[in-house]
Amino acid sequence: MKTVITYGTFDLLHTGHMNLLRRARKLGDRLIVGVTTDSYDQSRGKLNVMESLEERMENVRKTGLADLIIKEELEGQKIHDIRKYGADVFVIGSDWSGKFDYLREYCEVVYLERTKGVSSTDLRSARNPIVYMGIAGHGRIAGRFLRESKYVSNIEITAVFGRNKERVRRFAESHALLEYDTEYEQFLDRVHAVYIAVPHHLHYEMARRALLRGKHVLCEKPLALARDEAEELFRIAAEKGVVLLEALKTAFCPAFQQLTSLAGSGVIGSIKAVDATFTKLIEDETAREYDPMQAGGAWTELG
Ligand code: CTP
């Protein structure tokens with residue numbers, strides 16, 4: 001009995017997936033298919049998977065090609081599965097060529113030619129139009145945001161705003177952005193959504209102007225420096241029917257979500273208090289983080 005094992009997201013099951021499963025099946029007597037869980041996909045940057053794990057597993061089942069369907073939950077699980085199920089062959093599409101050579105220690109590794117012209121990413125893009133996004137600000141965090149955005153389908157960063165023409169031009173050029181502006185309204189007109197990454201004391205005003213122009217806003221923390229300002233922003237967003245989100249990325253980290261859901265399940269009893277610490281060491285005492293005029297200080301900078 002020769003066992004073949006393969007893995008994938010299998011979102012919006014398409015002919016590329018079918019071809020791969022059919023050929024994989026032919027390499028042995030039994031085929032095991034590992035389907036990635038939502039949290040595993042998120043942790044490796046696949047953020048826009050459309051179907052739930054259950055739907056994707058069901059679609060694989062319906063192909064009639066898999067003898068066993070398992071969940072792939074963790075990086076490094078493949079070695080464990082190969083041993084557990086006694087897999088003789090590990091199969092994956094040629095887009096992964098070379099990446100799984102380390103499994104040769106455990107079984108045969110076969111890269112099958114990928115079917116050309118079809119992918120889940122393309123199918124997702126066809127269903128959801130691309131959101132053109134601009135970045136207001138061009139500091140360190142803006143560069144990191146740009147790099148990270150490449151992992152998200154359906155988002156394209158096209159423009160950057162900054163007040164200093166020379167600096168904003170340099171940022172646009174070094175990140176191959178199509179447009180840069182020193183006029184905020186002109187910049188807003190080019191995009192559907194804006195990521196606000198300017199110094200804190202400017203967040204409220206720039207978020208407000210973007211929302212009033214009907215743009216979705218992802219704003220660095222703190223969204224505003226006073227409660228009534230934040231409430232006003234959410235009111236405008238609701239009136240305009242656009243998304244307003246504060247960029248509290250910790251809330252979206254899989255480990256944090258796991259922590260809050262475990263805590264919520266009551267597994268450690270009823271929670272009486274939460275004690276958290278967040279510190280940051282900045283040696284340069286002239287830095288923005290120390291300047292109250294720029295909303296620096298322990299509360300507005302870190303709080
Ligand atoms: N596959 C293939 N031919 C395609 C698309 C996928 O042979 N045109 C293979 C992949 O190489 C992998 C398996 O199908 O072995 C599952 O791939 P998955 O990542 O789920 O599919 P993609 O369509 O590549 O998804 P995405 O665009 O989200 O990366």
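When a ligand or atom number is given, it counts from 1 through the structure's own listing order. Sequential numbering from 1 along the given sequence is applied to the chain's residues.
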Please set out all donor-acceptor pairs under 3.5 angstrom arising from side-chain atoms of residues 60-71, sequence neighbours excluded.
| residue | atom | partner | partner atom | Å |
| --- | --- | --- | --- | --- |
| Arg61 | NE | Glu58 | OE1 | 3.0 |
| Arg61 | NH2 | Glu58 | OE2 | 2.7 |
| Thr63 | OG1 | Val60 | O | 2.6 |
| Thr63 | OG1 | Leu65 | N | 3.2 |
| Asp67 | OD2 | Arg25 | NE | 3.4 |
| Asp67 | OD2 | Leu31 | N | 2.7 |

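The distance from ligand 1 to the heavy atoms of Ser120 drops below 4.0 Å at these ligand atoms: 21 (O), 22 (P), 23 (O), 25 (O), 26 (P), 27 (O), 28 (O). Listed by number with element, the atoms of ligand 1 under 4.0 Å from a non-hydrogen atom of Phe10 are 16 (C), 20 (O). Listed by number with element, the atoms of ligand 1 under 4.0 angstrom from any heavy atom of Ser119 are 23 (O), 27 (O).
Considering backbone and side-chain atoms alike, Leu20 places every N or O at 3.5 Å or more from each N or O of ligand 1. Polar contact check, Thr115 against ligand 1: a nitrogen or oxygen pair lies under 3.5 Å apart. For ligand 1, the polar-atom distance check finds an N/O of Val118 within less than 3.5 Å of one of the ligand's N/O atoms. Between Arg114 and ligand 1, a contact under 3.5 Å exists for at least one N or O pair. Distances between N or O atoms of Thr6 and those of ligand 1 include no value under 3.5 Å. On a distance-only criterion, Ile92 and ligand 1 share no N/O pair closer than 3.5 Å.
Salt-bridge annotation for Glu231 and Arg235: absent, with no side-chain N of the basic residue lying under 4.0 Å from a carboxylate O of the acidic one. A salt bridge does not link Arg56 to Glu51: none of the charged nitrogens lies less than 4.0 Å from a carboxylate oxygen. In this structure, Glu301 pairs ionically with Lys280, as a charged nitrogen and a carboxylate oxygen lie closer than 4.0 Å.
At a heavy-atom distance under 4.0 Å, only side-chain atoms of His14, from C-beta outward, approach ligand 1. When heavy-atom distances to ligand 1 are checked against a 4.0 Å cut-off, Asp95 comes that close only through its side chain, counted from C-beta outward.
Contact annotation: Arg124 has at least one heavy atom less than 4.0 Å from an atom of ligand 1.
For the residue pair Asp11 / Thr9, no side-chain donor-acceptor distance below 3.5 Å is found, with atom types taken as modelled.
Residue pairs meeting the ring pair (Phe, Tyr, Trp, His ring centres under 6.0 Å) criterion with at least one partner in residues 120-150, sequence neighbours excluded, are Tyr132-His192, Phe145-Tyr195.
Among protein heavy atoms, atom 27 (O) of ligand 1 sits closest to Thr121 OG1, 2.4 Å. What sits closest to atom 19 (O) of ligand 1 on the protein, heavy atoms only, is Lys46 NZ, 3.4 Å. Counting only heavy atoms of the protein, atom 12 (C) of ligand 1 lies nearest to Gly93 N, 4.0 Å. Nearest protein neighbour of atom 21 (O) of ligand 1, counting heavy atoms only, is His17 NE2, 2.9 Å.
Residues Glu72 and Val35 fail the side-chain proximity criterion, which asks for heavy atoms closer than 4.5 Å. Looking only at side-chain heavy atoms (C-beta outward), Ser149 and Met133 stay at 4.5 Å or farther from each other.
For Phe90 and Phe100, the ring centers are positioned less than 6.0 Å apart.
No donor-acceptor distance shorter than 3.5 angstrom exists from the side chain of Thr3 to the backbone of Ala87, with no hydrogens or angles considered.
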